[in-house]
Amino acid sequence: MYNKGLFSDWVPKPVQLLMMVLLLIVVMPLGGVYTGNISFIVGGTGVMQEYFLWANYATTIGMGACMPVVLRMKMRFKVRDKLVMLLVLLGALSYINATTFEPMVIVMTSLVIGFLKMMITIELFLPLMAMLGGRGIFYGVFYTFVLILNQVSAYYAVEVSIQYNFQQFFILAAVLCFVLALLCWVLMHDKYFALKVPLHYIDWLSIILFVSTFMFSAYVFSFGKQQDWLNSKNIINASIAAFVSFALLAIRQMTLKRPYISFHIFTKSNVLNGLFMLLLLGMFLGTTSIQNIYSVGVLGYDQLTNANLNLMMIPGLLLAGIIAVFWFKKERPLKMFIFSGFSAMTAYAIIMYFSMVLEFNYESWYLPMFLKGYGMCSLFISVWYYTLDKLELNEMLAAIGLVLVWRTFLAVGFFSALFSWFQYQFQIVSLGDLAVYMDGMTITPQTVATNMKTIQLNAIISANKKIFGYIIVAGFGVMLYVITHHFGKRTEYLRVIRILNGKSVIARRRERERKKLEEDIKGAAGPAL
């Protein structure tokens, strides 16, 4: 009656593994927009790029909104029916994005795509984790695979957009979804995962409040610079709406017997410290906007060359994944692994600080991008593992949506917006400082255009160097914080005492089985990028 697998018994194991890999390759990078081809969408639709940055954030928000209910969805429907329907819907939404010219349609479809794709990925993570071993080893392998897949898909999104147009990549994604839906219908079984549970316990009003909170916040981060932040009524109103939505969401949870999200885990030390480190990781990842300003605006790279820079991170991603697998297999403490990740990110910022010149060589990108790839992958693995460690299953499921949105949207979006504002302000200051050299003796009417361009580029470089300088100072502070943090070792002996003074053999066995299920669910939630 029940089947915890995905495929029919007659399907060979290699075919099952191949099918899961194909599903991951198609579904994991799927989104309403692709960061690599946003400029092509802007050119093709004639709409401001801020709408598509908003749509990019919306995909992550949709995934976070789905996380608290994903287990109930998994147990409610038969796996074949659910995956086929979800893939058909994702294909239809991708086709809508390929054919529409209305930016708000793309924003809304991006939100729904994030919600739907989370239900598919959770089905794939659990059996893959069983194959790969523990949660730490699974993170090491899976995060590396997903991060590399994201870089490769972003590159090909640009290449397809250049050779054809931006619509073709969406159509290609839609076709792949329809083909996979057909294969799932043939190969998957039509049984339930476990006892069927009802959906009427899901509080849809809480989901709406959750989405509105972060969609208004995403609007502020996306349009803040374009509308001059608090000088815009739209930004002020959106900020108030986000605050009110979050307040109503928090109040609503206090009145529910089965709350949609829980704030209890945010009183735990490892969660608070993990969220702080994820925020600091967002600071380093937010430098992508500054890097793009330098590579495209100063060095004059085209979009394909700029996308190729991200492929240089792949060796660093691979190294971090390999080290993570051996690190967790040996069960070593996380402190030095996390320290190595922040050290690599700080080294990346130092190299970029000294590399901000007009004559920067393309081959010089290899080392900083290698360090950035290693730092990003190692911190995604280790900090997420530490944040969700020692949490009960019910606690974790009730708050994982907030943690996911914090990691992937709020931290990165906040620092990207902050760096964008500082870059503009520092650029104005730099232009004022350089204006002292602009007189009739140094700039003649015949050379004014050339010199003005040089002055503008030097002002951009100066602003970028200031931002990277502050990031370097913050990076050394982060490294000091990590090296002095206890990472839970102070209370380790208490856990040992509780185990030694524990229950009977049967109770311990039940406890082990319960913890194994918790580890599976927590591990499945982790790689949701």
Side-chain angles (χ1 to χ4, degrees), residues 147 269-294 309 312-313 315-317 319-320 323-324 327 332-357 360 364-387 406-407 410-423 425-426 429-430 460-490:
L147 290 172
S269 174
N270 65 303
V271 175
L272 292 177
N273 285 281
L275 290 176
F276 178 64
M277 286 187 283
L278 290 173
L279 180 66
L280 298 173
L281 174 59
M283 176 186 69
F284 288 106
L285 297 181
T287 58
T288 300
S289 60
I290 306 301
Q291 177 186 308
N292 289 338
I293 291 173
Y294 176 59
L309 294 180
M312 295 181 183
M313 292 194 295
L317 297 173
L319 178 62
I323 292 177
W327 203 279
R332 294 182 177 178
L334 285 174
K335 175 183 286 190
M336 294 312 298
F337 190 40
I338 295 176
F339 182 80
S340 70
F342 280 116
S343 300
M345 282 298 197
T346 305
Y348 158 77
I350 293 173
I351 294 174
M352 292 307 300
Y353 177 85
F354 289 106
S355 300
M356 287 288 164
V357 294
F360 190 68
S364 301
W365 284 102
Y366 286 112
L367 179 58
M369 298 309 291
F370 171 84
L371 292 171
K372 184 179 180 181
Y374 175 84
M376 179 170 66
C377 187
S378 60
L379 292 175
F380 263 95
I381 295 169
S382 56
V383 176
W384 186 259
Y385 183 94
Y386 170 70
T387 303
W406 173 272
R407 180 194 69 177
L410 280 178
V412 179
F414 171 76
F415 279 105
S416 296
L418 184 66
F419 292 159
S420 178
W421 184 82
F422 272 119
Q423 207 277 341
Q425 299 299 321
F426 290 158
V429 173
S430 299
I460 295 174
I461 289 176
S462 177
N464 288 355
K465 286 176 74 73
K466 284 184 180 180
I467 294 174
F468 273 112
Y470 287 121
I471 292 172
I472 291 168
V473 174
F476 283 112
V478 174
M479 292 163 61
L480 179 63
Y481 160 78
V482 172
I483 204 67
T484 57
H485 184 58
H486 56 80
F487 286 95
K489 285 299 177 184
R490 293 186 305 186

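Counting from 1, the numbers follow the sequence of the chain as shown.
- Summarising the geometry of Cys377 relative to Ala320, their closest heavy-atom pair is CB-CB, 3.6 Å, with the distance given to 0.1 Å.
- Rounding to the nearest 0.5 Å gives a distance of 7.0 Å between CD1 of Ile290 and CZ of Phe468.
- Partners of Ala411 under the side-chain contact (heavy atoms from CB on, under 4.5 Å) rule, at least two apart in sequence or in another chain, are Leu279.
- Here the straight-line distance linking atom NE2 of His485 with atom OG of Ser269 works out to 5.5 Å at 0.5 Å rounding.
- Shown here are the ring pair (Phe, Tyr, Trp, His ring centres under 6.0 Å) partners of Phe370, two or more places apart in sequence or in another chain: there are none.
- Residues Phe337 and Ser378 meet the side-chain proximity criterion, which asks for heavy atoms closer than 4.5 Å.
- At a threshold of 4.5 Å between non-hydrogen side-chain atoms, the residues Leu371 and Met313 do not count as touching.
- Shown here for Ser382 and Leu334, the closest heavy-atom pair between the two residues is O-CD1, 3.9 Å.
- Residues Met345 and Met376 have side chains in contact (heavy-atom distance under 4.5 Å, counting atoms from C-beta outward).
- Note that the CH2 atom of Trp421 and the CD1 atom of Ile467 stand 10.5 Å from one another [nearest 0.5 Å].
- Partners of Leu280 under the side-chain contact (heavy atoms from CB on, under 4.5 Å) rule, at least two apart in sequence or in another chain, are Phe276, Phe342, Val478.
- You'll find the side chain of Leu379 stays beyond 4.5 Å of the side chain of Phe284, heavy atoms only.
- Of all non-hydrogen atoms in Ser355 and Phe360, the two that sit nearest each other are CB-CE1, 3.1 Å.
- Between Ser430 and Ala463, the shortest heavy-atom distance links the atoms OG-N, 4.1 Å.
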Run the side-chain contact (heavy atoms from CB on, under 4.5 Å) check on Ile350 and Phe476 step by step: do they pass? CA-CA 11 Å; Ile350 293 173; Phe476 283 112; 4.1 Å; yes
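- Contact check for Met352 versus Trp365: side-chain heavy atoms found under the 4.5 Å cut-off.
- In terms of modelled atom types and a separation under 3.5 Å, the side chain of Lys372 and the main chain of Tyr348 share no donor-acceptor contact.
- Asn270 places none of its side-chain heavy atoms less than 4.5 Å from the side chain of Thr387.
- No donor-acceptor pair under 3.5 Å is formed between the side chain of Lys465 and the backbone N or O of Phe354.
- A distance of 8.0 Å separates CG of Leu278 from CZ of Phe380, quoted to the nearest 0.5 Å.
- In this structure, CD1 in Ile338 is found 11.5 Å from OG in Ser343, a value given to the nearest 0.5 Å.
- In this structure, the separation between OH on Tyr294 and CE on Met356 is 6.0 Å, given to the nearest 0.5 Å.
- Contact annotation: the side chain of Asn273 approaches that of Tyr481 to within less than 4.5 Å [non-hydrogen atoms, C-beta and beyond].
- Under the 4.5 Å side-chain criterion, counting only non-hydrogen atoms from C-beta, Trp327 is in contact with Met336.
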Take Phe415 and Leu285 through the test side-chain contact (heavy atoms from CB on, under 4.5 Å) and record every step on the way to the result. CA-CA 8 Å; Phe415 279 105; Leu285 297 181; over 6 Å; no
Pair Phe419-Met283, side-chain contact (heavy atoms from CB on, under 4.5 Å): steps then yes or no: CA-CA 9 Å; Phe419 292 159; Met283 176 186 69; 3.9 Å; yes
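- Between Leu309 and Met369 the shortest heavy-atom distance is O-CE, 3.5 Å.
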